[in-house]
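Reading through the structure tokens given below for one structure.
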Amino acid sequence: MSHFVAKLYAGKSVVITGGASGIGYAMAREFGLHGAGVVLASRSGDRLDAAARRLRALGVRCETAVCDVRNEDEVARAVELTLDHFGAVDVLVNNAAANFWSPAETMSARSFRTVVDIDLLGTFHCTRAVVPHMIEQQSGVVLNIVVTDPHRGFPYFAHAAAAKAGVLGLTTTWAREWGRHGIRVNAIAPGPTPSEGALSGMAVGRPDLPPSFERHAQRVPLGRLARPEDTAAAALFLCSDAAAYITGVNLAVDGGVSLPVPTSELPYGTGVPADVAPTEVPAGSG
Ligand SMILES: NC(=O)c1ccc[n+]([C@@H]2O[C@H](COP(=O)([O-])OP(=O)(O)OC[C@H]3O[C@@H](n4cnc5c(N)ncnc54)[C@H](OP(=O)(O)O)[C@@H]3O)[C@@H](O)[C@H]2O)c1
């Protein structure tokens, strides 16, 4: 059951890079089920076709664009396709990303550049391609999918840490530049989500290491890993008129795991024992 009214995105079009898998697919599904026409843009035509078939079977109006976000011409064609089919680009979700485990001291410049090119430059290309249309229509929403970790360090993923920190810089900068055109720019930082892409990216170069996602769940105050649907629900909210006065934020959808002191590290554990009575509020404390 949805938390949102069925026609929340009726008449809107949403472009989602990397929308054929994982978190991107969950967002495409939710935008589509709430009335949006969605365009999935990524590299693998087979994967796009399979995702589009699944979405259309659910009644979602869906188009696909084979597109590498590093290639400005392919991005421009994806935007043209969206305009041809839906007449506007109301929402752009910059979700496409690459990631793989790599110790910083042996990370090659090529690895670093690959991730920065996809995550950061790709976000620039896509946004740069849609924003003139948004300025013309004096409305639009750009949503960047980032990570919370750049602020705290993202060990073994220096390329992604640098790229996503850059995307956060773009998020606030664009929010300030384009607010006067009715364009909002926000970010979502999903918590660890065991998508196929994330699991295989963590395993690169570490065949000996089982994915550590399940261990990670123990550090999440809300007690479980993230699901793609968690990010999708937040995206629906942030891109809707319910968030009309919200721009430039990075919304952590991570069960609290990025809070400065994880609950599990507090000396008194994760909660108050059942047999401890609530303390009286000391007199004079308000
Ligand atoms: N999963 C997590 O734990 C987690 C946590 C925090 C943030 N995130 C972020 O959430 C987003 C989605 O991640 P996910 O876990 O759902 O991973 P995913 O399933 O691997 O999704 C990545 C998508 O990006 C596309 N892509 C990759 N390179 C591309 C390129 N050059 N041009 C166009 N599309 C490209 C891929 O499709 P093709 O290969 O077919 O191009 C794929 O559909 C990413 O931005 C990621 O950084 C994920």
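Whatever order the structure lists them in is the order used to number ligands and atoms, beginning at 1. Quick note: numbers below take in every heavy atom, side chains included, and nothing from hydrogens, waters or symmetry partners.
Note: no N/O pair closer than 3.5 Å links Ile118 and ligand 1 by distance alone. Considering both main-chain and side-chain atoms, Val69 comes within under 3.5 Å of ligand 1 through a nitrogen or oxygen pair.
Remark: ligand 1 atoms within the under-4.0 Å shell around heavy atoms of Ser44 are 40 (O). With ligand atoms numbered from 1 in the order given, ligand 1 contributes 6 (C), 7 (C) to contacts under 4.0 Å with heavy atoms of Val147. Listed by atom number, the atoms of ligand 1 under 4.0 Å from Pro192 heavy atoms are 3 (O). Heavy-atom proximity to Gly191, at under 4.0 Å, picks out these atoms of ligand 1: 3 (O), 5 (C).
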Quiz item: Yes or no on side-chain contact (heavy atoms from CB on, under 4.5 Å) for Ser21 and Glu196, after CA distance, side-chain angles and deciding distance?
Solution: CA-CA 8 Å; Ser21 69; Glu196 207 180 302; over 6 Å; no
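Among protein heavy atoms, the minimum distance from atom 15 (O) of ligand 1 is reached at Ser195 OG, 2.5 Å. For atom 35 (C) of ligand 1, the closest non-hydrogen atom of the protein is Ala96 CB, 3.6 Å. When hydrogens are left out, the protein atom nearest atom 37 (O) of ligand 1 is Arg47 NH2, 3.4 Å; that is the closest non-hydrogen contact. Remark: minimum distance from atom 10 (O) of ligand 1 to any protein heavy atom is reached at Ile145 CG2, 3.3 Å. Scanning the protein heavy atoms around atom 31 (N) of ligand 1, the nearest turns out to be Asp68 OD1, 2.9 Å. Looking only at heavy atoms of the protein, atom 6 (C) of ligand 1 is closest to Pro190 O, 3.3 Å. Of the protein's non-hydrogen atoms, Asn95 OD1, 3.1 Å is the one closest to atom 11 (C) of ligand 1. In this structure, atom 20 (O) of ligand 1 lies nearest to the protein heavy atom Gly197 CA, 3.2 Å.
Scanning Lys164, Glu74, Arg70 for the heavy atom closest to atom 47 (O) of ligand 1 points to Lys164. Counting only non-hydrogen atoms, the option in Gly18, Gly22, Cys67, Ser21 that gets closest to atom 18 (P) of ligand 1 is Ser21. In this comparison of Thr231, Asn144, Val146, Val253, the heavy atom closest to atom 7 (C) of ligand 1 sits on Val146. When Thr193, Asp117, Leu225 are ranked by how near their heavy atoms come to atom 3 (O) of ligand 1, first place goes to Thr193. For atom 13 (O) of ligand 1, the nearest non-hydrogen atom from the set Ile23, Val66, Val93 belongs to Ile23.
No path of Ile, Leu, Val, Met, Phe, Trp and Tyr side chains, each step under 4.5 Å between heavy atoms, connects Val142 with Val14, placing them in separate hydrophobic clusters. Both Ile183 and Val79 are part of a single hydrophobic cluster, where members link through side-chain heavy atoms under 4.5 Å apart. Cluster annotation: Met27 is not connected to Val39 through the hydrophobic network of ILVMFWY side chains, with a link wherever side-chain heavy atoms come within less than 4.5 Å. Both Leu8 and Leu55 are members of a single hydrophobic cluster when ILVMFWY side chains are connected at heavy-atom separations under 4.5 Å. Taking hydrophobic clusters as Ile, Leu, Val, Met, Phe, Trp and Tyr residues chained together by side-chain heavy-atom distances below 4.5 Å, Leu236 does not share a cluster with Val146.
For His3 and Phe237, the gap between ring centers reaches or exceeds 6.0 Å.
Residue contacts with ligand 1 for Thr17 are absent, since no atom lies close enough (heavy atoms, distance under 4.0 Å). Within the 4.0 Å heavy-atom criterion, neither part of Ala98 lies near ligand 1. When non-hydrogen atoms are compared, ligand 1 lies under 4.0 Å from neither the backbone nor the side chain of Ala160. Proximity of Arg43 to ligand 1, defined as any heavy-atom pair under 4.0 Å, is shared by backbone and side chain alike. Contact annotation: for Glu196 versus ligand 1, there are no heavy atoms closer than 4.0 Å.
Nearest heavy atoms, Ser13 versus Val89: OG-CA, 3.4 Å. Between Gly22 and Ser195, the shortest heavy-atom distance links the atoms CA-CB, 4.2 Å.
Each ring pair (Phe, Tyr, Trp, His ring centres under 6.0 Å) pair with one or both residues in residues 163-195, not counting sequence neighbours, appears once here: Trp174-Trp178.
Taking Tyr9 as the reference, Phe31 meet the ring pair (Phe, Tyr, Trp, His ring centres under 6.0 Å) condition, with sequence neighbours excluded.
Using cut-offs of 30° and 60° on the angle between ring planes, the pair Phe4 and His34 is perpendicular.
By the 6.0 Å and 45° rule, Arg47 does not stack over the aromatic ring of Tyr25.
Between Asp119 and Arg70, no side-chain nitrogen of the basic residue sits less than 4.0 Å from a carboxylate oxygen of the acidic one, so the salt-bridge criterion is not met.
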